[in-house]
Amino acid sequence: VQGRREIDSHIIQLSSLFPSPSSSCVLSTKASNTKSSLHVTHRHGTCSRLTNGKATTPDHVEILRLDQARVNSIHSKLSKKVNDRVRQSQSTNVPAKSGSTLGSGNYIVTVGIGTPKHDLSLIFDTGSDLTWTQCEPCVQTCYSQKEPIFNPSSSSSYYNVSCSSAPCSSLSSATGNAGSCSASNCVYGIQYGDQSFSVGYLAKEKFTLTSSDVFNGVYFGCGENNQGLFTGIAGLLGLGRDKLSFPSQTAKTYNKIFSYCLPSSSRYTGHLTFGSAAISSSVKFTPISTITDGTSFYGLDIVGITVGGRKLAISSTVFSTPGALIDSGTVITRLPPKAYAALRSAFKAQMSKYPSTSAVSILDTCFNLSGYKTVTIPKVAFSFSGGAVVELGSKGILYPFKMSQVCLAFAGNSDDNN
Amino acid sequence: AAIFGNVQQQTLEVVYDGAGGRVGFAPNGCS
């Protein structure tokens with residue numbers, strides 16, 4: 001029995017959940033040594049260019065609030081609810097069909113834009129398609145960002161796109177809003193559910209990922225009117241499935257393949273690697289399922305969850321009715337209500353020796369681990385269609401606020417169809 | 001829809017194969 005228990009649980013040093021903010025940055029070897037690979041940094045971590053090497057303590061409640069805003073906007077997009085507020089702005093009306101809210105943007109990469117190259121920190125986002133950054137002269141407004149704002153007039157490889165061009169007409173599937181015209185130049189608009197938006201010119205520019213990965217003529221949004229909850233970050237690298245996404249635009253080189261490892265603590269960098277170089281041999285695949293009204297998303301078919309080695313009694317229709325998608329921009333996994341209830345009760349039953357404590361925001365299963373050096377938690381694994389069974393690392397199961405409040409890092413959706 | 005978020009993706013290498021129409025996970029693929 002003891003042996004069984006060991007196989008089915010993680011023993012975690014509690015100190016590892018709270019790395020000291022001063023610890024120096026540890027670079028991902030894969031990002032450093034692999035072709036077409038970028039370092040991924042945690043927005044608040046010691047590795048981020050934006051924190052000058054000092055970790056900033058993120059406001060977890062704010063992170064979870066923005067995360068919920070993102071999830072709400074993804075759900076509203078999928079349920080075809082279109083919020084009919086129109087965003088008035090001088091250069092164009094943006095009919096407000098929300099894209100997916102920026103959310104809390106934890107993970108960023110640095111990409112060079114223009115000639116000469118201008119490095120910018122962008123959120124990488126598999127849940128949206130259009131790459132955009134703020135642009136001088138910020139005709140309307142730009143939120144504050146750490147790096148100098150990109151100035152297209154100082155780049156010799158920048159071109160506006162005409163509004164009669166094919167990319168302009170493909171804006172509606174990439175952003176939810178059709179392109180419009182301003183002096184025959186194509187104008188894009190993307191509104192995020194939480195009152196933030198970016199409006200500007202659809203343009204073509206040189207993108208430099210690494211010294212040997214340079215792409216001329218990448219379509220992106222040059223934002224002249226941006227209101228974001230996203231201070232500090234220059235914009236977004238869209239990795240969705242639409243034809244305007246970065247993987248689609250570089251398909252000839254990378255065949256729409258990319259992989260990433262997110263840093264599991266803010267003192268490490270992860271990697272975002274384009275192409276099939278150095279993909280781990282232990283990878284297990286599951287087919288992408290297409291979500292109606294969400295063709296840009298990477299849909300997944302979850303078929304089961306095990307906790308501590310035991311498969312939860314969840315009928316497969318609980319997952320198949322609403323479907324599922326994977327999103328690098330959503331922080332906390334959202335499960336259908338019945339699946340979450342089963343996960344929560346199985347997890348709590350196996351954590352009964354630890355005192356429960358109050359919920360935080362969307363996380364309702366929390367424990368007071370003060371006074372403990374280690375915690376033993378049951379392993380959690382997801383089964384996907386096609387036979388892939390994925391065991392989550394210990395970092396993927398808990399969300400630590402403080403020693404006296406460490407929570408199960410899952411939340412339930414409000415509605416079976418979500 | 002259920003949404004598989006980035007907390008759960010930590011310590012996994014996540015592979016998007018758009019051309020192959022599949023997503024892959026490699027546990028401990030990041031060390």
Side-chain angles (χ1 to χ4, degrees), chain A residues 28 30 67 71 74-75 78 106-107 126 239 241 247-248 251 255-262 264 270 279-280 282-288 291 294 298-300 302 319 322-336 339 382 386 388 390-393 395-396 399 409 413 418, chain B:
Chain A
S28 150
K30 193 171 262 193
D67 199 43
V71 167
I74 291 176
H75 284 156
L78 294 178
N106 290 357
Y107 297 107
T126 61
L239 297 176
R241 300 177 69 199
S248 299
N255 205 16
K256 292 188 195 176
I257 296 174
F258 61 93
S259 59
Y260 58 74
C261 281
L262 303 177
S264 55
I279 289 177
S280 307
S282 61
V283 65
K284 294 176 243 177
F285 283 104
T286 182
I288 293 173
I291 299 190
Y298 294 93
L300 297 178
I302 302 172
F319 293 113
L325 60 96
I326 182 168
D327 176 21
S328 64
T330 293
V331 178
I332 300 293
T333 285
R334 292 334 192 263
L335 293 171
F382 275 70
V390 177
E391 187 179 290
L392 301 183
K395 295 260 181 180
Y399 192 101
N413 280 326
N418 254 350
Chain B
I3 302 177
F4 200 71
N6 61 45
V7 167
Q8 278 65 45
Q9 297 170 42
Q10 292 183 65
T11 73
L12 298 173
E13 178 165 78
V14 187
V15 181
Y16 291 67
D17 177 357
R22 57 186 190 166
V23 168
F25 300 96
N28 301 315
C30 302
S31 43

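Only heavy atoms go into these numbers, but all of them, side chains included; no hydrogens, no water, no symmetry mates. Residue numbering restarts at 1 for every chain, and letters A, B, ... go by the order of the sequence lines. None of these values were measured; they are calculated from a predicted model.
- Legend: residues meeting side-chain contact (heavy atoms from CB on, under 4.5 Å) with A:Ala251, ordered by chain and number and at least two apart, are A:Lys256.
- With hydrogens and angles disregarded, no donor-acceptor distance shorter than 3.5 Å links the side chain of A:Asp327 to the backbone of B:Gly5.
- Between A:Ile302 and B:Ala2, the shortest heavy-atom distance links the atoms CD1-CB, 4.4 Å.
- The CG atom of A:Leu78 sits 7.5 Å away from atom CD1 of B:Ile3, with the distance rounded to the nearest 0.5 Å.
- Put simply, CG on A:Leu262 and OG1 on B:Thr11 are 9.5 Å apart, with the number rounded to the nearest 0.5 Å.
- With hydrogens and angles disregarded, a donor-acceptor distance shorter than 3.5 Å links the side chain of A:Asn413 to the backbone of B:Ala1.
- Taking the six-membered ring where tryptophan is involved, the planes of A:Tyr298 and B:Tyr16 are perpendicular, since the angle between them exceeds 60° and thus also 30°.
- The most heavy-atom pairs under 4.5 Å with chain B, out of A:Gly294, A:Ala339, A:Cys261, A:Gly323, come from A:Cys261.
- For A:Thr126, the part lying under 4.5 angstrom from a heavy atom of chain B is the side chain only.
- Side-chain N or O atoms of B:Asp17 include none that pairs as donor or acceptor with a backbone N or O of A:Ile257 at under 3.5 Å.
- Looking at A:Phe319, neither its backbone nor its side chain comes within 4.5 Å of chain B, counting heavy atoms on both sides.
- Between chain B and the residues A:Gly299, A:Ser28, A:Ser282, the largest count of heavy-atom pairs under 4.5 Å involves A:Ser282.
- Shown here are the salt bridge (Lys or Arg N to Asp or Glu O under 4.0 Å) partners of A:Arg241, two or more places apart in sequence or in another chain: there are none.
- Note that OH of A:Tyr399 is 11.5 Å distant from CD of B:Gln8, once rounded to the nearest 0.5 Å.
- Counting heavy-atom pairs closer than 4.5 Å to chain A, the top-ranked of the candidates B:Gly21, B:Gly29, B:Pro27 is B:Gly21.
- The structure places CG of A:Leu392 at 9.0 Å from CZ of B:Phe25, a figure rounded to the nearest 0.5 Å.
- We find the CG-CD distance between B:Leu12 and A:Glu391 to be 9.5 Å, quoted to the nearest 0.5 Å.
- Heavy atoms closer than 4.5 Å to chain B are found in the side chain of A:Lys30, but not in its backbone.
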Practice task
Step by step, work out the side chain to side chain contact (heavy atoms under 4.5 Å, CB included) result for B:Val7 and A:Thr333.
Solution key: CA-CA 7 Å; B:Val7 167; A:Thr333 285; over 6 Å; no

Exercise for the section: Begin from the C-alpha positions of B:Gln9 and A:Tyr260 and carry the test side chain to side chain contact (heavy atoms under 4.5 Å, CB included) through to its verdict. Expected result: CA-CA 9 Å; B:Gln9 297 170 42; A:Tyr260 58 74; 2.3 Å; yes

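- Checked by atom type and distance alone, the side chain of B:Glu13 pairs as donor or acceptor with a backbone atom of A:Ser280 at under 3.5 Å.
- Interface remark: of the candidates A:Ile279, A:Ile291, A:Ile288, A:Ile288 forms the most heavy-atom pairs closer than 4.5 Å to chain B.
- Both the backbone and the side chain of A:Pro287 have a heavy atom closer than 4.5 Å to some heavy atom of chain B.
- The parts of A:Ala409 that come within reach of chain B are both its backbone and its side chain, each placing non-hydrogen atoms under 4.5 angstrom from that chain.
- Of the listed residues A:Ala388, A:Gly270, A:Ser264, A:Gly393, the one with more heavy-atom pairs under 4.5 angstrom with chain B than any other is A:Ser264.
- Between B:Val23 and A:Phe285, every side-chain heavy-atom pair lies at or beyond the 4.5 Å cut-off.
- When heavy atoms are compared at a cutoff of 4.5 Å, A:Leu239 does not approach chain B at all.
- When the candidates B:Val15, B:Val14, B:Asn6, B:Asn28 are compared by the number of heavy-atom contacts under 4.5 Å with chain A, B:Asn6 comes out ahead.
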